[in-house]
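Down below is the structure, laid out as structure tokens.
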Number of protein chains: 2
Amino acid sequence: MAPATDPGYSDGMEKDGRRRTRMDDVAARAGVSQMTVSRVIRTPDKVAAATRARVNAAMAELAYVPDMLAGGLAARRSGLIGAVISTFENAIFAETIAGLTETVETEGFSLLLGASGYSLEGEERLLHAILGRRPDGIVLTATLHTPAARQLLVGSGVAIVEAWEIPSDPVDMAVGFDNRAAGQAMTAALLDIGYRRIAFVGATGGRDVRGLRRRDGYRVALAERGLPPREVGSAALPLGIENGPAFLDEILARFPDTDAVFCSLDALAAGILLAARRRGLDVPGRLAVAGFGDFAIAQPSGLDLTTVRIAGRAIGVHAGHLLLGRMSKVPLEETIIDVGFEVVRRSST
Amino acid sequence: MAPATDPGYSDGMEKDGRRRTRMDDVAARAGVSQMTVSRVIRTPDKVAAATRARVNAAMAELAYVPDMLAGGLAARRSGLIGAVISTFENAIFAETIAGLTETVETEGFSLLLGASGYSLEGEERLLHAILGRRPDGIVLTATLHTPAARQLLVGSGVAIVEAWEIPSDPVDMAVGFDNRAAGQAMTAALLDIGYRRIAFVGATGGRDVRGLRRRDGYRVALAERGLPPREVGSAALPLGIENGPAFLDEILARFPDTDAVFCSLDALAAGILLAARRRGLDVPGRLAVAGFGDFAIAQPSGLDLTTVRIAGRAIGVHAGHLLLGRMSKVPLEETIIDVGFEVVRRSST
DNA sequence: CTGCATGATGTTTGCGCAAACATAAAAGCC
DNA sequence: GGCTTTTATGTTTGCGCAAACATCATGCAG
């Protein structure tokens, strides 16, 4: 899995034959030892002010950039944080990644990003690629699907945060919310408004573990009132706005008197809503539509979708802090963080 | 800039005191030398089939994951590709990043992602963080703003691709399109339809170099017909859908007879279009609206925006191939790739 | 059977840095 | 002033791996 080809000029030489500047070069110029340069970079307090100034000057003159690969090898800490998302398709995780980078970058860490895709093989390949870089921490926004993958992570001993979900059996740490409770809450909200013939649209199986949890919540909420579920969906991923018309047709064909639809994703809800409008169905008069995620599209584009809002950015920030905390040796008091959710009612219900 | 804190157990030991598996361990178990294990991983053809099988078995049994940091240090190639975006806010570059990762991952490279934000200091900090990891290549989707940053990159000798733009003076390689030409083409398209009092909304200065290029194109197209420009905007970034109402007000106040608006971004165009609808203005009858970028929101959400479509994914794929090509020693024939653009007319004009 | 490729493996060394230890100088202390 | 403690710096060593070179078979032509 290592790069197969050979770079043109990364043999330590630049294009013009110069060798890359090392600590030794800086040290020689400043008239100190290599170790003192290292100290100026990592623990400046332990170096006399005058010496520090000379070294800093030398570094500036030579435009020295420390080699963190070498440093990491020696110190046994790479300064890398691995982040695993399932796909770039839906921008669900962008906020989380943004919050995560901003949090860990301030401490000098960099982000190693990978998309596992929907193939199991890809998932393991990616984990190997990330673990091989010896990250100091890993954030999983994607769900792990194989026992082997789980095994690999646990065996690595790396700090791990599972995000966007509170797993019943976490690998290590976790930041997220209870998808089941969220699905139940949204369904309950629809019931409170007065809807009784509520359909659910979303993944029916396969890889979308979280969507399935939300569906479970939907089932529970209906069961509490003794109402039968009406489920429509597909196991194929990813589901998006383009599936709206087909799913709407299916709902209306199988459950003609449906008065509300709860979609496992906003993109899906947007698709249903637009399809309904196009068919001349009054929303929410004839059919109410609710989504999940409060992804950017939802509100401002005039769809004004009732949805469940998740603090995506906060998840990323918390995940970063969990990792930083774990690395600071002070034992963390709480390693499972529930950021909750919020049912936001807008004009689509 | 190095991580300030100390990890709990990355001293080469796992939590339970086990040492991390190394090549030596695999070698011992397979009854070969460490070097033979290295060969099995990188150049399996150079190892006898029987030996290879033994080594592979040993690796599997020990769940060995090669340390690419150490390997990179020895081989002077990190297997990392640095990617610099300006912000996660707009999902503009998600497709490009996706195309890039998919391209380079097949060759065993991993992505090091960083957001430079809108601060110049952040830009340099990020470059240091990335260059310090000794990437084999860097893709810039963000524009470079300081001479020092440019200097740093050139001095590093790393292969560089500037994406989403064909700079007049590229640092190294580039994949993108001519923003000026695109702005001109869209304006010309509006003129061809028959609009004559066309306003432009977008960045008026500051960091959004590409937006300014598109504005330049707008000016040229109008000047060719002897029409005066009508420009509205702000230097503050980022501009988004929420700025729609204010900009629409400004347009109608300063240029009441405007019949079309060309926005430097789809998000902005969406904001203007929605604001116009809310005011009861007929789109495109009273006011036509055109955007730029064909970002996901545009079409399916019912806005049906006329826009300029850019092959964002192709940009990422090309960028990846440029880097891989540069690293394969075969001299590249073409290092500046223009992916062009496409004016897409929809119902908003 | 010699000689010389060719293939398969082993040995040595160093990538650039930081941990651990060693030393030297300065600063307190009675 | 001799003593310890503290502060500032230097020296040695090794992180885990791959490049370069060395070695040892084996094959095979003449």
Side-chain angles (χ1 to χ4, degrees), chain A residues 1-4 6-7 10-13 19-28 30-55 59 62 64-79 108 131-134 136, chain B residues 1-7 10-13 19-28 30-55 59 62 64-79 108 131-134:
Chain A
M1 218 37 47
D6 203 17
S10 30
D11 51 357
M13 301 292 181
R19 198 178 34 73
R20 185 164 290 173
T21 307
R22 294 171 312 192
M23 273 196 184
D24 290 323
D25 306 321
V26 176
V32 297
S33 75
Q34 172 256 312
M35 199 57 218
T36 297
V37 178
S38 172
R39 273 191 272 258
V40 168
I41 293 172
R42 295 175 306 114
T43 54
D45 310 338
K46 299 198 168 182
V47 179
T51 314
R52 199 191 316 146
R54 285 214 316 285
V55 171
M59 288 200 292
L62 298 176
Y64 174 64
V65 178
D67 186 329
M68 303 176 88
L69 253 60
L73 182 60
R76 283 140 165 174
R77 52 202 316 291
S78 62
L131 286 174
R133 260 82 192 202
R134 295 293 182 260
D136 296 330
Chain B
M1 223 32 48
T5 52
D6 203 16
S10 30
D11 52 356
M13 301 291 181
R19 199 178 32 74
R20 186 163 289 170
T21 306
R22 294 171 312 193
M23 273 195 182
D24 290 322
D25 305 322
V26 175
V32 298
S33 75
Q34 172 257 311
M35 199 57 218
T36 297
V37 177
S38 172
R39 274 191 272 257
V40 169
I41 294 172
R42 296 175 305 115
T43 52
D45 310 338
K46 298 197 167 181
V47 178
T51 313
R52 199 191 316 147
R54 282 213 320 283
V55 171
M59 290 201 291
L62 297 176
Y64 173 64
V65 178
D67 186 331
M68 302 177 88
L69 253 60
L73 183 60
R76 283 139 165 176
R77 52 202 319 288
S78 62
L131 286 174
R133 259 85 193 199
R134 297 292 182 262

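Both backbone and side-chain heavy atoms feed into the values below; hydrogens, waters and symmetry mates do not. Numbers restart at 1 for each chain; the letters A, B, ... are given by sequence-line order, proteins then strands. Predicted model, so just to flag it, every value in this text is computed and none were measured.
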When all nucleic acid strands are considered with a 4.0 Å heavy-atom cut-off, which category describes Met35(A): base, sugar-phosphate, or nothing?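 Since a base atom lies under 4.0 Å of Met35(A), the category is base.
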At less than 4.0 Å, is any side-chain N or O atom of [X] found next to OP1 or OP2 of [N]? Yes or no.
| X | N | value |
| --- | --- | --- |
| Thr51(A) | dA8(D) | no |
| Arg42(B) | dA19(D) | yes |
| Ser38(B) | dC17(D) | no |
| Thr36(A) | dG10(D) | yes |

In whole angstrom, give the distance that lies between atom [atom1] of [X] and atom [atom2] of [N].
| X | N | atom1 | atom2 | value |
| --- | --- | --- | --- | --- |
| Met68(A) | dC15(C) | CE | C1' | 17 Å |
| Met23(B) | dC15(D) | CE | P | 15 Å |
| Leu69(B) | dG16(D) | CG | C1' | 10 Å |
| Arg22(B) | dC15(D) | CZ | P | 6 Å |
| Met59(A) | dC17(C) | CE | P | 11 Å |
| Asp45(B) | dT6(C) | CG | C1' | 16 Å |
| Arg76(B) | dG16(D) | CZ | P | 20 Å |
| Asp25(B) | dC17(D) | CG | P | 9 Å |

Of the nucleotides [options], which has the atom closest to the [X] side chain?
| X | options | value |
| --- | --- | --- |
| Asp67(A) | dC15(C), dC17(D), dC17(C) | dC17(C) |
| Leu73(A) | dA18(D), dC17(C), dG16(C) | dG16(C) |
| Ser33(A) | dA19(C), dG10(D), dC17(D) | dG10(D) |

Quick one: does any side-chain atom of [X] pair with a main-chain N or O of [Y] as donor and acceptor, under 3.5 Å?
| X | Y | answer |
| --- | --- | --- |
| Asp136(A) | Arg77(A) | no |
| Arg134(B) | Leu131(B) | yes |
| Arg39(A) | Val47(A) | no |

Closer to the 5' end of DNA chain C via nearest nucleotide, is it Gln34(B) or Ala74(B)? Gln34(B)
Side-chain donor/acceptor contact of Arg39(B) with base of dG10(C) under 3.5 Å: yes
Between Asp67(A) and Arg133(B), does any NZ, NE, NH1 or NH2 come within less than 4.0 Å of an OD or OE carboxylate oxygen? no
Rounded to the nearest 0.5 Å, how far apart are CD of Gln34(A) and CZ of Arg22(A)?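 Those atoms lie 9.5 Å apart.
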